[in-house]
Student: 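Here you go, one structure.
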Amino acid sequence: MKAYSLPNKSGHFGDYGGIFVSETLMQPLKELREAYEKLRKDKKFRAEFENDLREYVGRPSPLYFAKRLSENWGGARIYLKREDLNHTGAHKINNTIGQALVARHMGKRRVIAETGAGQHGVATATVAARFGMQCVVYMGSEDMKRQAINVYRMKLLGAEVVPVESGSKTLKDALNEAMRDWVTHVSDTFYIIGTVAGPHPYPMMVRDFQSVIGREARAQIMKLEKRLPHALVACVGGGSNAMGLFYPFINDKKVEMYGVEAEGEGMHTGKHAATLCAGKPGVLHGNRTYLLETEDGQIIDTHSISAGLDYPGVGPEHSFLKDSKRARYVSITDKEALEAFHELTRTEGIMPALESSHALAYAKKLARELGRKKIIIVNLSGRGDKDIHTVANLEGIKF
Amino acid sequence: MSRLAAQFKTLKQQKRCALIPYITAGDPASWVTVPLLHALVKSGADILEIGVPFSDPMADGPVIQRAAERALKHHISLGKIFAMLREFREKDKTTPLVLMGYLNPIEVMGYKRFAEQAAAAGVDGVLTVDLPPEEAKTFQLAMKLQKLDTIFLLAPTSPADRIKLIADAASGFIYYVSLRGVTGAANLDVGEVAAKLKQIRRRTKLPLGVGFGIGSPEVAAQVAEFADAVVVGSAVVKRIEELAAVPDKILIEVPAFIAQLRRAMDQAAPAAVSGVRE
């Protein structure tokens, strides 16, 4: 059996990925590629990264057996990979630490980022503060209203948060604006992309930094259960926490992988963000991948209760894993995710992010199908504190 | 000879620099586009660049993004744009037409179908901003089969090896992005552009157009001294935006601006035409 070795040299995962950007960015991307290729093999760089993950992020994160939840659901043994316990409360920081280190090695003093819910923005502002870098975060003005507390967190950390008024005023528009900033300040600026999307080498680089999740989980489950899990479950917006969990298991062919997309108010309503389940291949934000688009190739506005899954594209490696059937992609509605949010909170005392609640909701269905002898690892990608307002609003509670 | 090659040949003989205005198709209303294109030609445009609106125009500044949003409000699509251009071609068989846009609408249509329909509509060249030559092989093949030119960008950040790569891949002309930034930005350094064009000319005999950030007759005239074509986009689209509520005026005032650019460029020193300088 041939080991998985994608992307290829030109950044392709089968038909997907690649580099689709304007000429101005081609050379900066080449410089990034060369710098990263050198650093990823560099022992000193890896030690630096691992040290930061341990001392600053607080890794390894536990792989927690959710006993009461498993019993309640009456099926497989559910393990939670506790990325919610990382510094700043989500998996995002694994990647921003890695990219900030690359930026430092490349001599860039200014970092920029896009953010939807604000989690990646906060993770970027955090590492920028720690490394003493100038930081500018682009955020849709709609998202800024919905996530005012994260905006303030970024400002406290010293970042400048720039409202984006174009298009749908959400994550995809923030990404466009960050790309424009990068094109304009290309000589001194490093663009920290928050997910496994964008032009090569970003999908690979972000996956590599996030794959600490799966490496730890694999070692932990072998120690705890002395066998591999039957299934991995993770939510997919852009797909970085899912790629991080999946990648170290990719050659373990018996381990099933489930990527859970946001079905919003239901597939039939059109108000969802289930790119892989309902989209078609196209080109956006520098790579070829599945997209939610009109018949004319215009990108559609998406909907999800969780801002972090509210994206009309998806990382190209997921598109490849879908077509090659190595991973399966399913969807969960706002309502189902919300139920899972409450169930985990009440049975385990762990409040999950609404993003991660999508993964949990699917794990519940899968647990019953698989039965009690099987093991499921769910990536609990973030904590739910940031979503308390959303949940309260839905229940008609005002503070 | 293609319309683009013929036009550049004529201009070279006249020692004139081509003026290429850019408008977004269907902005602010569908009916404006065809009469506006004719009026632009009458007031001195040599080649017309027609923007295909896209929901996520990453390489464009706010002015052109808003134009795309206005056009998309009434669902301007490639199909509708081809219909407009067929209508334009009924009265104008010579002015070269260049489509400028992003890859995704073309992907959705399919390269082969796109090229066939573009050729049938009288399009001469296509510039796809987010399609570098590395990813363009299949697209270029479809374009070549229809005798359409694939126009590529070069940028201030392009080193010698990319200049060679793009010079080898491009046809029609090469579009030099005159600044590090998006369309309509204001940090153009004319001296730097001139030096870079000199470097590019050592690698290619193709005509060189310059765009992104040329917003006034003065700058257009300065660039006309060493470029084969000057592309003016955001400055044109901004005037369209200001008159969006009174589209009839667009047909008078935008061509008047083009005439102003034309006069300024013609008063400048003759263009250093392609293939002459070594």
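Residue numbers start from 1 in every chain, and the chains themselves are labelled A, B, ... in the order their sequence lines are given, proteins ahead of strands. Keep in mind that the numbers below use all heavy atoms, side chains included, and drop hydrogens, waters and symmetry copies.
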Student: Below 4.5 Å, heavy-atom pairs only: which of B/A155, B/G61, B/P62 has the largest tally toward chain A?
Tutor: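 Ranked by heavy-atom pairs under 4.5 Å with chain A, first place is B/A155.
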Student: Once you round to the nearest 0.5 Å, how far does CD1 of A/I19 lie from CG of B/L131?
Tutor: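 These two atoms lie 12.0 Å from each other.
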Student: Distance from B/N104 atom CG to A/F20 atom CZ, nearest 0.5 Å?
Tutor: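 Atom-to-atom, B/N104:CG and A/F20:CZ are 10.5 Å apart.
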Student: Using non-hydrogen atoms only, which part of A/I299 is less than 4.5 Å away from chain B: side chain, backbone, both, or neither?
Tutor: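 Its backbone and side chain both get close to chain B.
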Student: Do the side chains of A/E23 and B/R162 get nearer than 4.5 Å, heavy atoms only?
Tutor: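 SC-SC contact between B/R162 and A/E23 confirmed.
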Student: Pick from B/R180, B/E135, B/M109, B/R66: which one has the most heavy-atom pairs with chain A under 4.5 Å?
Tutor: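 The answer is B/E135.
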Student: Assess, by modelled atom type and distance only, whether the side chains of B/H75 and A/E295 contain a donor and an acceptor separated by less than 3.5 Å.
Tutor: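 Side-chain D/A pair, B/H75 to A/E295: absent.
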Student: For the OG atom of A/S10 and the CD atom of B/E134, what is their distance to the nearest 0.5 Å?
Tutor: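 So the OG of A/S10 and the CD of B/E134 are separated by 9.5 Å.
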Student: Find the distance between CD (B/Q65) and CG (A/D173) and round it off to the nearest 0.5 Å.
Tutor: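 Here the rounded value is 7.0 Å.
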Student: Where on A/V21 is there a heavy atom nearer than 4.5 Å to chain B: the side chain, the backbone, both, or neither?
Tutor: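 For A/V21, backbone heavy atoms alone lie under 4.5 Å from chain B.
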Student: Check each atom of A/I300 against the heavy atoms of chain B and say whether the ones under 4.5 Å are side chain, backbone, both or neither.
Tutor: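 It is neither, since no heavy atom gets under 4.5 Å.
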Student: Under 4.0 Å between a side-chain nitrogen and a carboxylate oxygen: does that hold for B/D161 and A/K30?
Tutor: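 Looking at B/D161 and A/K30, the cut-off is met.
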Student: What's the separation between atom CG in A/L175 and atom CG in B/D56, rounded to the nearest 0.5 Å?
Tutor: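 Here the interatomic distance stands at 9.0 Å.
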Student: Verify the neighbour count for atom NZ of B/K80: are there more than 12 heavy atoms of other residues, nucleotides or ligands below 6.0 Å?
Tutor: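 Yes, enclosed.
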Student: Which bit of B/L72 comes within less than 4.5 Å of chain A, counting heavy atoms only: side chain, backbone, both or neither?
Tutor: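 Looking at B/L72, just its side chain touches chain A.
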Student: Going by heavy atoms in the side chains, are A/Q298 and B/F54 under 4.5 Å from each other?
Tutor: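 They are in side-chain contact.
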Student: Kindly give the heavy-atom pair with the smallest separation between B/V182 and A/T184, and that separation in Å.
Tutor: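 Nearest pair, atom of B/V182 first, then A/T184: N-OG1, 4.3 Å.
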Student: Mind checking the OG-OH spacing from A/S22 to B/Y102? Nearest 0.5 Å is all I need.
Tutor: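 Reported value, rounded in 0.5 Å steps: 7.5 Å.
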Student: Hey, does B/E107 have a side-chain heavy atom less than 4.5 Å from the side chain of A/E293?
Tutor: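 Result no, sub-4.5 Å side-chain heavy-atom pair not found.
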Student: Is chain A contacted by the side chain of B/P53, its backbone, both, or neither, given a heavy-atom distance below 4.5 Å?
Tutor: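 It is the backbone, since no side chain atom gets that close.
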Student: Measuring only between side-chain heavy atoms, which start at C-beta, is A/S166 closer than 4.5 Å to B/E69?
Tutor: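 Result yes, sub-4.5 Å side-chain heavy-atom pair found.
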Student: Would you mind reporting whether A/R180 and B/M58 have side-chain heavy atoms less than 4.5 Å apart?
Tutor: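 They are not in contact (no side-chain heavy atoms under 4.5 Å apart), so the answer is no.
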Student: For chain B, which of A/H285, A/E177, A/E165 has the most heavy-atom pairs under 4.5 Å?
Tutor: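 Heavy-atom pair counts peak at A/H285.
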Student: Taking the side chain as C-beta and beyond, is there a heavy-atom pair between A/V283 and B/L103 under 4.5 Å?
Tutor: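 When only atoms from C-beta onward are counted, B/L103 and A/V283 do touch, with a gap below 4.5 Å.
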Student: Could you tell me whether the side chain of A/D296 reaches within less than 4.5 Å of the side chain of B/L78, counting heavy atoms only?
Tutor: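 No, side chains not in contact.
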Student: Taking all non-hydrogen atoms of both residues, which atom of A/K280 and which atom of B/V108 are closest, and how far apart?
Tutor: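 Here A/K280 and B/V108 meet closest at NZ-CG1, 4.4 Å.
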Student: Can you tell me which portion of B/V129 sits under 4.5 Å from chain A's heavy atoms? Options are side chain, backbone, both or neither.
Tutor: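 The answer is both parts of B/V129.
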Student: On a heavy-atom basis, which atom in A/T24 and which in B/V177 lie closest, and how many Å separate them?
Tutor: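 Smallest heavy-atom distance, with atoms named: OG1-CG1, 4.2 Å.
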Student: Just so I understand: if I count every heavy-atom pair under 4.5 Å between each of A/H12, A/M26, A/M179 and chain B, which residue has the most?
Tutor: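 Counting heavy-atom pairs under 4.5 Å, the top option is A/M26.
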Student: Can A/Q27 and B/S158 be counted as having a side-chain donor-acceptor contact under 3.5 angstrom?
Tutor: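 No donor-acceptor contact under 3.5 Å links the two side chains.
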